[in-house]
Amino acid sequence: MYKNCLFLFYCFIMLVGCNQNSSKNDIVKSRVIPTSNQIVYQRQKVIGFVHFGMNTFTDKEWGYGDENPQNFNPQKLDAEQWAIAAKEGGLKELILVAKHHDGFCLWPSKYTEHSIKNSPYKGGKGDIVKEFVDACRKQGLKIGLYLSPWDRNHKDYGKQEYIAYYRNQLNELLTNYGEIAEIWFDGANGGDGFYGGANETRKIDRATYYDWPTTIALAKKLQPNLLIFSDAGPDIHWIGNENGFAGETFWSTIDDSKLVIGNSDMNYLNSGDPNGNKWIVGQCDVSIRPGWFYHSKEDSLVKTPQQLFDIYLKSVGRNSVLLINIPPNKDGLFSKIDIENLKGLNRIIQNTFERNLATGKTITASNTSSNSKVFAPENLVDNNSSTIWTTKDNCLSAEININLGSSTQFDIIELNEAIEYGQRISKFQVLAKIDGIWTPITSGTTIGLSRLLKFDPIIADGIKITVESTSNSPVLESIGVYKLQL
Ligand code: FUL
């Protein structure tokens with residue numbers, strides 16, 4: 001009886017409660033939506049990190065800040081080799097660590113002696129940030145720079161004077177090298193360091209010391225299109241671990257009043273918040289090697305293409321951007337094995353997603369906004385991410401049916417929400433018609449820009465997606481059905 005009532009109520013909502021839209025502009029947007037810049041950023045999917053610096057030569061992960069600049073001496077450095085490998089490996093952007101926690105700068109900053117200007121590299125006349133940006137531009141890659149807030153070399157670290165120093169360096173990086181797409185503010189603040197010879201532990205109040213709002217405003221003033229990363233945003237946030245894994249439930253919305261740069265709850269960062277007041281893109285950073293910097297002892301531990309693809313499924317496939325670090329070696333070059341494995345990842349991605357087995361198949365939906373082709377379910381399988389399907393307004397559940405026409409083997413389903421309207425879906429299920437029987441295959445919570453679901457290969461001739469819970473009418477761009485190609 002109870003179930004019948006529910007069903008009648010459901011039908012009532014479907015028939016009466018749903019208003020029709022006639023154009024895309026009629027779709028009511030969610031309260032929190034991304035900027036167009038954030039959407040373009042997330043569509044890049046996979047980008048790269050380049051950790052290179054004094055640690056490469058001292059074989060460390062965190063330099064103390066007392067290193068002699070004379071130790072920095074790459075003999076064959078070739079930023080074009082990095083950029084070409086990145087491009088051929090499918091990366092769309094590269095982020096260079098211009099200064100790590102040891103304070104050693106890869107550009108000849110005029111505010112410190114702890115830089116390549118006092119190293120043997122190019123007789124002290126080198127500028128690796130410049131070589132890097134030139135190479136990236138030549139290969140059509142977007143450019144990001146990492147400027148560590150924590151500086152274990154600087155004598156004033158922990159004092160007010162250091163903030164002016166940090167902003168001066170930021171000014172150099174955002175003024176002298178053309179358009180920069182992303183700046184990376186790291187959250188680590190380990191405490192002890194050289195600090196100009198003081199050799200002591202300095203604690204800072206993470207919430208107030210850096211006065212981030214002023215620094216963020218300065219950065220945006222210098223580069224209006226810049227996207228700023230930190231563990232707490234404002235545009236891109238850390239995913240809460242360094243394995244490259246977003247949560248199985250991942251909302252691009254988050255409550256920024258709960259975030260502190262350098263001190264945010266990692267579980268919260270890993271899941272986002274459906275009730276969040278800000279849209280901040282999730283970014284999953286991970287190194288292709290165990291360490292962030294190059295260590296020859298890790299040459300046999302480079303992640304394989306299959307391992308990287310598993311990370312891709314758990315980052316890009318969970319509504320986030322994947323940031324893969326490839327650390328140049330002491331020569332100043334990416335190692336062969338790193339390049340091969342990155343290309344191997346790209347090959348798996350290209351071969352697997354080249355052919356959507358649902359393209360052009362017969363597709364129906366339990367509810368569609370109007371008869372207009374603008375919202376037709378066919379748009380989900382037309383190989384075009386700019387066309388959408390949506391239901392009438394306020395429809396909070398729906399079913400989509402794809403007839404594959406013949407028995408088809410597959411093991412990956414991709415769902416894409418049209419996030420310019422907001423991220424809405426919080427529960428869905430996938431069923432497959434196997435030997436005439438609708439069988440549950442997989443299910444999930446959030447979707448966002450891309451949700452990839454991997455399962456053991458099945459053979460089926462139909463697929464049903466049920467949207468079981470959504471904060472407003474679901475708006476989808478595409479449905480993908482794929483067979484993994486290793
Ligand atoms: C961390 C740093 O402490 C690591 O050295 C590395 O740079 C990583 C990407 O971020 O916070």
Side-chain angles (χ1 to χ4, degrees), residues 46-65 67 72 82 86 91 93-106 128-129 132 143-154 157 166 169-170 173 182-194 201-204 206 209-210 212 227-233 236-246 259-266 269-270 281-295 298 301 303 308 311 315 320-329 338:
V46 192
I47 62 174
F49 227 166
V50 180
H51 275 71
F52 180 67
M54 188 56 86
N55 292 333
T56 314
F57 296 87
T58 53
D59 213 9
K60 286 189 179 164
E61 279 291 306
W62 279 10
Y64 191 66
E67 301 78 15
F72 182 85
W82 310 347
L91 309 182
E93 174 183 318
L94 271 187
I95 303 173
L96 174 69
V97 176
K99 177 183 94 165
H100 202 249
H101 312 328
D102 54 31
F104 184 77
C105 302
L106 293 189
I128 293 174
V129 172
F132 171 78
I143 297 160
L145 295 172
Y146 169 128
L147 181 68
S148 170
W150 183 31
D151 189 322
R152 304 174 92 185
N153 172 264
H154 203 274
Y157 184 78
Y166 186 74
Q169 293 202 316
L170 191 61
L173 293 178
E182 177 171 356
I183 194 98
W184 222 87
F185 294 143
D186 186 76
N189 279 287
D192 64 328
F194 174 66
T201 296
R202 292 187 181 169
K203 291 223 167 77
I204 52 134
R206 290 168 188 241
Y209 175 58
Y210 294 106
W212 282 114
L227 290 173
I228 299 180
F229 166 96
S230 83
D231 55 346
I236 306 161
H237 78 73
W238 186 45
I239 216 66
N241 62 66
E242 293 183 340
N243 306 320
F245 300 162
L259 303 178
V260 177
I261 298 184
N263 212 14
S264 302
D265 180 318
M266 297 189 216
L269 294 175
N270 198 244
V281 179
Q283 185 195 74
C284 302
D285 63 336
V286 66
S287 186
I288 199 163
R289 289 163 173 259
W292 291 101
F293 286 88
Y294 176 84
H295 309 288
E298 294 179 352
L301 299 173
K303 292 184 178 71
L308 293 170
I311 296 172
S315 52
S320 301
V321 167
L322 172 56
L323 171 58
I324 304 179
N325 177 60
I326 305 118
N329 55 30
D338 302 45

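Counting starts at 1 for both ligands and their atoms, following the listed order.
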Do you know which two heavy atoms are closest between [X] and [Y], and how far apart they sit?
{"X": "Cys284", "Y": "Ile239", "answer": "SG-CG1, 3.7 Å"}
{"X": "Leu269", "Y": "Ser264", "answer": "CD1-CB, 3.9 Å"}
{"X": "Asn241", "Y": "Asp285", "answer": "O-OD1, 3.4 Å"}

Starting from [atom], locate the nearest protein heavy atom and write down its residue, its atom name and how far away it is, to 0.1 Å.
{"atom": "atom 3 (O) of ligand 1", "value": "His101 NE2, 2.8 Å"}
{"atom": "atom 5 (O) of ligand 1", "value": "His100 NE2, 2.8 Å"}
{"atom": "atom 1 (C) of ligand 1", "value": "Asp186 OD1, 3.1 Å"}

Tyr157 ring center near Tyr166 ring center (under 6.0 Å):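 Ring centres of Tyr166 and Tyr157 not closer than 6.0 Å.
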Could you tell me if the ring centre of Phe194 sits under 6.0 Å from that of Tyr64?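 No, they do not, as the ring centres are separated by 6.0 Å or more.
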Parallel, tilted or perpendicular: which fits the ring planes of Trp212 and Phe185, with parallel below 30° and perpendicular above 60°?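 Ring orientation of Trp212 relative to Phe185: tilted.
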Classify the ring geometry between Tyr146 and Trp184 as parallel (under 30°), tilted (30 to 60°) or perpendicular (over 60°).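 Parallel.
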Hey, which atoms in ligand 1 end up nearer than 4.0 Å to a heavy atom of [X]?
{"X": "Ala188", "result": "3 (O), 11 (O)"}
{"X": "Asp285", "result": "9 (C)"}
{"X": "Phe49", "result": "9 (C)"}
{"X": "Glu242", "result": "1 (C), 8 (C), 10 (O), 11 (O)"}

Which is it for Val97 and ligand 1 at heavy atoms under 4.0 Å: side chain, backbone, both or neither? neither
Residue of the set Phe293, Trp150, Phe104, Trp292 for which ring-ring contact (aromatic ring centres under 6.0 Å, His included) holds with Trp62: Trp150
Geometric N/O contact [X] with ligand 1, under 3.5 angstrom:
{"X": "Glu61", "value": "no"}
{"X": "Trp62", "value": "yes"}
{"X": "Trp292", "value": "no"}
{"X": "His51", "value": "yes"}

Do any heavy atoms of Phe293 fall under 4.0 Å from ligand 1?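 False for this residue.
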Run the numbers on Tyr210 and Asn189 for side chain to side chain donor-acceptor pair (under 3.5 Å), then give the verdict. CA-CA 12 Å; Tyr210 294 106; Asn189 279 287; 2.7 Å; yes
